[in-house]
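Reckoned from all heavy atoms, side chains included, excluding hydrogens, waters and symmetry mates.
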Amino acid sequence: MRPGEARVKVLFFAKARELAGRRYTELTLPSELTSAQLKDRLVQDFNLHSIQHVFVLALNETFVEPDARLCLVEMANKKDFIGFQATKLDVNAIIEIVVSPECGAVSSFIGTTRNNFEKKKVVKLEYEAYQPMALKEMQAVCKSIRSQWEVEKIAIYHRLGEVPVMEASIVIAVSSPHRKESLQAVDYAINALKSSVPIWKKEVYENDEPSWKENRECMWATTK
């Protein structure tokens, strides 16, 4: 890669994913360019002509204006991916984010809604979070992982709102050169998230009153 260039990962979703025939790609781009230039490149390289007037770009989980100037220097070194979303989590896409040619292992945890709790029929879960604080705590979890294990990329995504039975509420994925590190990092991540990240969960039952649930691991728990 030459000076003035950045290696970036581009993710495709929905119709763009179908037209491109892939969920993501990696490109070498000028470190400074406009969003219009980037969009033209994607249209030409990945057959997006039919949606070029409707698809939008986002940089680091933030939408960009059609004529914005982009700086991709920071993006090139990004290895921690965290976020919340109110729609269904794409488990495969999240795992693919952390895949790296330098790594021989990718470990993951997928938390899903089960249909029962203490003989009650669960119909869905509902999540809410104090997002600004939660994102900071998730970043702290990533930093703590990197201080303990040699890992390459970390992805932590949590769903908010309603999560039906069998759908994922959280996906954690970690890549590392060897399996031991990523396995231990994933186990640490889910316990750390339950302990310190301000996310609240309500269980909704078929024939009983809904109940806000308390993680035994969380620092404000009244029961251990």
Handout entry: Ionic contact status for Asp80 with Arg146, cut-off 4.0 Å
Key = yes
Handout entry: Short side-chain to backbone donor-acceptor contact, Asp90 and Ala93, under 3.5 Å
Key = yes
Exercise for the section: Check the surroundings of atom CD in Gln131: do more than 12 heavy atoms from other residues, nucleotides or ligands lie under 6.0 Å from it? Expected result: yes
Exercise for the section: Flag the pair Lys124 and Glu126 as a salt bridge only when some basic side-chain nitrogen lies within less than 4.0 angstrom of an acidic carboxylate oxygen. Expected result: yes
Exercise for the section: Measure from NZ or CZ of Lys153 to the centre of the six-membered ring of Phe81 and say whether it is under 6.0 Å with the direction within 45° of the ring axis. Expected result: no
Problem - Candidate pair Phe12 and Phe46, rule ring pair (Phe, Tyr, Trp, His ring centres under 6.0 Å), full reasoning - result: CA-CA 10 Å; Phe12 299 96; Phe46 299 101; 5.2 Å; yes
Problem - Polar side-chain atom of Asn191 near backbone of Asp187 as donor-acceptor pair, under 3.5 Å - result: yes
Practice task
Might you work through the salt bridge (charged side-chain N to carboxylate O under 4.0 Å, His left out) test for Asp208 and Lys121, ending with a clear yes or no?
Solution key: CA-CA 9 Å; Asp208 294 272; Lys121 184 174 181 179; over 6 Å; no
Problem - Flag if over 12 foreign heavy atoms under 6.0 Å of NZ, Lys120 - result: yes
Exercise for the section: Applying side chain to side chain contact (heavy atoms under 4.5 Å, CB included), run through Leu11 and Lys9 and close with a yes or a no. Expected result: CA-CA 7 Å; Leu11 307 180; Lys9 176 169 280 189; 3.9 Å; yes
Problem - Donor-acceptor contact below 3.5 Å, side chain Lys39 vs main chain Leu57 - result: no
Handout entry: Donor-acceptor under 3.5 Å (Gln148 side chain, Ser144 main chain)
Key = yes
Practice task
Find out whether the Lys NZ or Arg CZ of Lys201 is both under 6.0 angstrom from the six-membered ring centre of Tyr127 and within 45° of the ring's axis.
Solution key: no
Handout entry: Gln37 side chain vs Thr34 backbone, donor-acceptor pair below 3.5 Å
Key = yes
Problem - N/O donor-acceptor pair under 3.5 Å between Ser35 side chain and Pro66 backbone - result: yes
Exercise for the section: Would you check if there is a donor-acceptor pair between the side chains of Glu128 and Trp200 at a distance under 3.5 Å? Expected result: no
Handout entry: CD (Gln85) with more than 12 external heavy atoms under 6.0 Å
Key = yes
Exercise for the section: Check for a donor-acceptor pair, side chain of Ser169 on one end and backbone N or O of Gly111 on the other, with a separation under 3.5 Å. Expected result: yes
Practice task
Please examine the side chains of Leu135 and Glu137, heavy atoms only from C-beta on, and report whether any two atoms are closer than 4.5 Å.
Solution key: no
Problem - Donor-acceptor pair, side chain of Ser107 and main chain of Val186, under 3.5 angstrom - result: no
Problem - Worked verdict on Arg17 versus Arg22 for side chain to side chain contact (heavy atoms under 4.5 Å, CB included) - result: CA-CA 6 Å; Arg17 173 179 52 78; Arg22 65 193 71 194; over 6 Å; no
Fill in the blank from the handout: Heavy atoms of Ala20 and Leu48 approach each other most closely as N-CD2, 4.3 Å
Exercise for the section: Go through the steps to decide whether Ser211 and Phe117 satisfy the test side chain to side chain contact (heavy atoms under 4.5 Å, CB included), and finish with yes or no. Expected result: CA-CA 11 Å; Ser211 173; Phe117 175 75; over 6 Å; no
Problem - Minimal non-hydrogen separation, Asn47 against Leu19, with atom names - result: O-CB, 3.7 Å
Exercise for the section: Give a yes or no answer on whether the side chain of Ser196 reaches the backbone of Leu193 with a donor-acceptor pair at less than 3.5 Å. Expected result: no
Exercise for the section: May I ask you to check whether over 12 heavy atoms, not counting those of Glu26, lie within 6.0 Å of atom CD? Expected result: yes
Handout entry: Heavy-atom pair of closest approach, residues Ser176 and Glu150
Key = CB-O, 3.5 Å
Problem - Ser108 side chain vs Ala173 backbone, donor-acceptor pair below 3.5 Å - result: no
Exercise for the section: Over all heavy atoms of both residues, which pair between Ala168 and Val163 is shortest? Give the atoms and the distance, please. Expected result: O-CG1, 3.8 Å
Exercise for the section: Evaluate the side chain to side chain contact (heavy atoms under 4.5 Å, CB included) criterion for residues Ile97 and Val99: first the C-alpha distance (whole Å), next the side-chain angles of each, then the deciding distance (0.1 Å), finally the verdict. Expected result: CA-CA 6 Å; Ile97 290 174; Val99 173; over 6 Å; no
